[in-house]
Amino acid sequence: MCGRFNVTDSPVVGELMDELGMPYRPRAQLNVPPGGTAEFVLDDGGGRQLVPGIWSLLIEEKTDGTGYRPNPKFHTFNARSDRLTSSPLWKKAYPSRRCIVPVSAFHEWRGKQVYNIHPQGEATALAGLWQSWRFGDDLVNSFTVITLPPHPRFSHIHPKSIPLMLRPEDFDMWLDPDFHQTDAFQGLMKSHIAAPLICQPVRSTNDLDPVGDAEVLEAD
């Protein structure tokens with residue numbers, strides 16, 4: 001799973017946004033949880049946009065009327081890659097509503113130790129799907145992060161999955177809303193480490209100070 005991430009005001013985030021062709025920068029924030037709000041890049045046919053959205057694809061109004069929350073009946077903050085073309089939920093979005101979530105790093109835990117994980121020297125382009133919802137006069141976006149099957153060299157940190165991290169050469173096709181041939185993405189959906197991955201133990205998700213040596217997982 002990918003259950004937390006952070007966005008810092010750093011040069012590597014700016015470089016990622018430049019590669020995405022975006023003049024904007026996402027809002028800096030630490031410890032973003034499922035159900036939190038973050039910004040992601042989409043193209044709905046009118047060009048690329050950086051928009052805010054709730055991290056969980058299925059959302060609903062809060063019962064007290066103060067905003068919106070993930071649907072409590074379903075966990076939709078992650079989408080398993082092996083179900084993108086079979087699940088009724090994911091297969092509606094996959095052909096044309098793909099997005100990229102630009103983050104500095106994502107977090108996983110090994111026991112009580114939290115790790116700050118990102119490609120070496122880079123920010124992280126998490127692959128996702130998005131949706132827009134109409135609640136009265138409000139238009140609310142939401143997104144999910146795609147996860148891959150466990151990777152043997154990452155499983156000592158997280159044994160169940162690894163998020164799909166896109167490379168710059170993937171961006172154009174992934175974000176193209178008119179490209180519906182999802183078979184072209186089959187290679188991406190296999191568990192892989194596309195670039196050297198830094199797994200840095202840190203003090204907490206709110207304090208990214210290192211507390212030990214980083215482990216480098218080489219690319220496949």
Side-chain angles (χ1 to χ4, degrees), residues 1-17 20 22 24-42 50-60 62 64 66-72 74-80 99-131 140-148 154 156-166 197-217:
M1 63 180 291
C2 177
R4 289 285 195 282
F5 61 75
N6 62 74
V7 185
T8 60
D9 183 11
S10 63
V12 292
V13 171
E15 290 166 6
L16 173 57
M17 298 307 292
L20 286 164
M22 302 296 297
Y24 311 108
R25 302 294 182 258
R27 178 171 61 93
Q29 52 182 333
L30 298 178
N31 196 22
V32 181
T37 298
E39 290 167 298
F40 63 95
V41 177
L42 63 83
L50 179 68
V51 301
I54 296 173
W55 183 12
S56 279
L57 200 66
L58 291 181
I59 60 174
E60 64 180 23
K62 292 182 179 179
D64 61 4
T66 59
Y68 307 95
R69 66 178 187 182
N71 186 309
F74 305 98
H75 292 158
T76 60
F77 60 95
N78 285 161
R80 283 176 39 177
C99 67
I100 291 175
V101 188
V103 307
S104 298
F106 66 96
H107 296 295
E108 298 290 3
W109 281 257
R110 182 163 63 179
K112 293 183 178 180
Q113 179 60 61
V114 62
Y115 286 79
N116 195 53
I117 304 167
H118 58 86
Q120 190 170 35
E122 301 177 12
T124 313
L126 296 174
L129 307 175
W130 67 277
Q131 181 64 276
V140 184
N141 299 311
S142 64
F143 67 94
T144 187
V145 171
I146 295 171
T147 59
L148 304 174
F154 187 74
H156 65 294
I157 292 178
H158 190 71
K160 295 184 178 180
S161 64
I162 186 170
L164 173 53
M165 292 166 274
L166 297 174
L197 202 60
I198 303 298
C199 302
Q200 174 66 64
V202 294
R203 197 171 305 280
S204 74
T205 53
N206 287 309
D207 182 346
L208 302 181
D209 285 344
V211 294
D213 293 334
E215 181 178 1
V216 181
L217 303 181

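Sequence positions, counted from 1, serve as the residue numbers for this chain. All heavy atoms count here, side chains included; hydrogens, waters and symmetry mates do not.
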More than 12 heavy atoms of other residues, nucleotides or ligands under 6.0 Å from [atom1] of [X]: yes or no?
X	atom1	result
H156	NE2	yes
D213	CG	no
N71	CG	yes

Working to the nearest 0.5 Å, report the span between [atom1] of [X] and [atom2] of [Y].
X	Y	atom1	atom2	value
R80	L164	CZ	CG	15.0 Å
I54	F143	CD1	CZ	9.5 Å
S161	L148	OG	CG	8.0 Å
N116	R4	CG	CZ	13.5 Å
T147	L126	OG1	CG	11.0 Å
K62	R69	NZ	CZ	8.5 Å

Would you say [X] and [Y] make side-chain contact, with heavy atoms under 4.5 Å?
X	Y	answer
V32	V103	no
M17	V41	yes
V13	P102	no
V216	I198	yes
V145	F77	no
P34	H75	no

Any donor and acceptor pair, going by atom type alone, linking the side chain of [X] with main-chain N or O of [Y] inside 3.5 Å?
X	Y	answer
S104	T8	yes
T144	T76	yes
Q131	N141	no
S56	P70	no
E15	A123	no
Q113	V202	yes

Q) Is the distance between the ring centroids of W55 and F5 less than 6.0 Å? A) yes
Taking all heavy atoms of [X] and all of [Y], pick out the closest pair and write down the distance.
X	Y	answer
D9	A28	N-CB, 4.0 Å
T37	P52	CG2-CB, 4.2 Å
E108	I157	CB-CG2, 3.9 Å
T124	M165	CG2-CG, 3.6 Å
S142	F40	O-CZ, 4.0 Å

Q.
Would you call the rings of F154 and F106 parallel, tilted or perpendicular, taking 30° and 60° as the class edges?
A. tilted
Q: For V140 and I59, run side-chain contact (heavy atoms from CB on, under 4.5 Å): C-alpha distance rounded to whole Å, both residues' side-chain angles, the deciding distance at 0.1 Å, then the answer.
A: CA-CA 9 Å; V140 184; I59 60 174; 3.6 Å; yes
Q) Taking atom types as modelled and ignoring hydrogens, do the side chains of N31 and N6 form a donor-acceptor contact shorter than 3.5 angstrom? A) no
Q. Are N206 and S204 linked by a side-chain donor-acceptor pair shorter than 3.5 Å?
A. no
Q) Which of these passes side chain to side chain donor-acceptor pair (under 3.5 Å) with Y115: Q200, H158, R110? A) R110
Q) W109 and T205: side-chain contact (heavy atoms from CB on, under 4.5 Å), yes or no, with the steps? A) CA-CA 10 Å; W109 281 257; T205 53; 3.5 Å; yes
Q: Using a strict cut-off of less than 4.0 Å between a Lys/Arg side-chain nitrogen and an Asp/Glu carboxylate oxygen, indicate whether E39 and R27 qualify as a salt bridge.
A: no
Q: With side-chain contact (heavy atoms from CB on, under 4.5 Å) as the test, would you mind laying out the steps for L217 and C199 before giving the verdict?
A: CA-CA 8 Å; L217 303 181; C199 302; 3.8 Å; yes
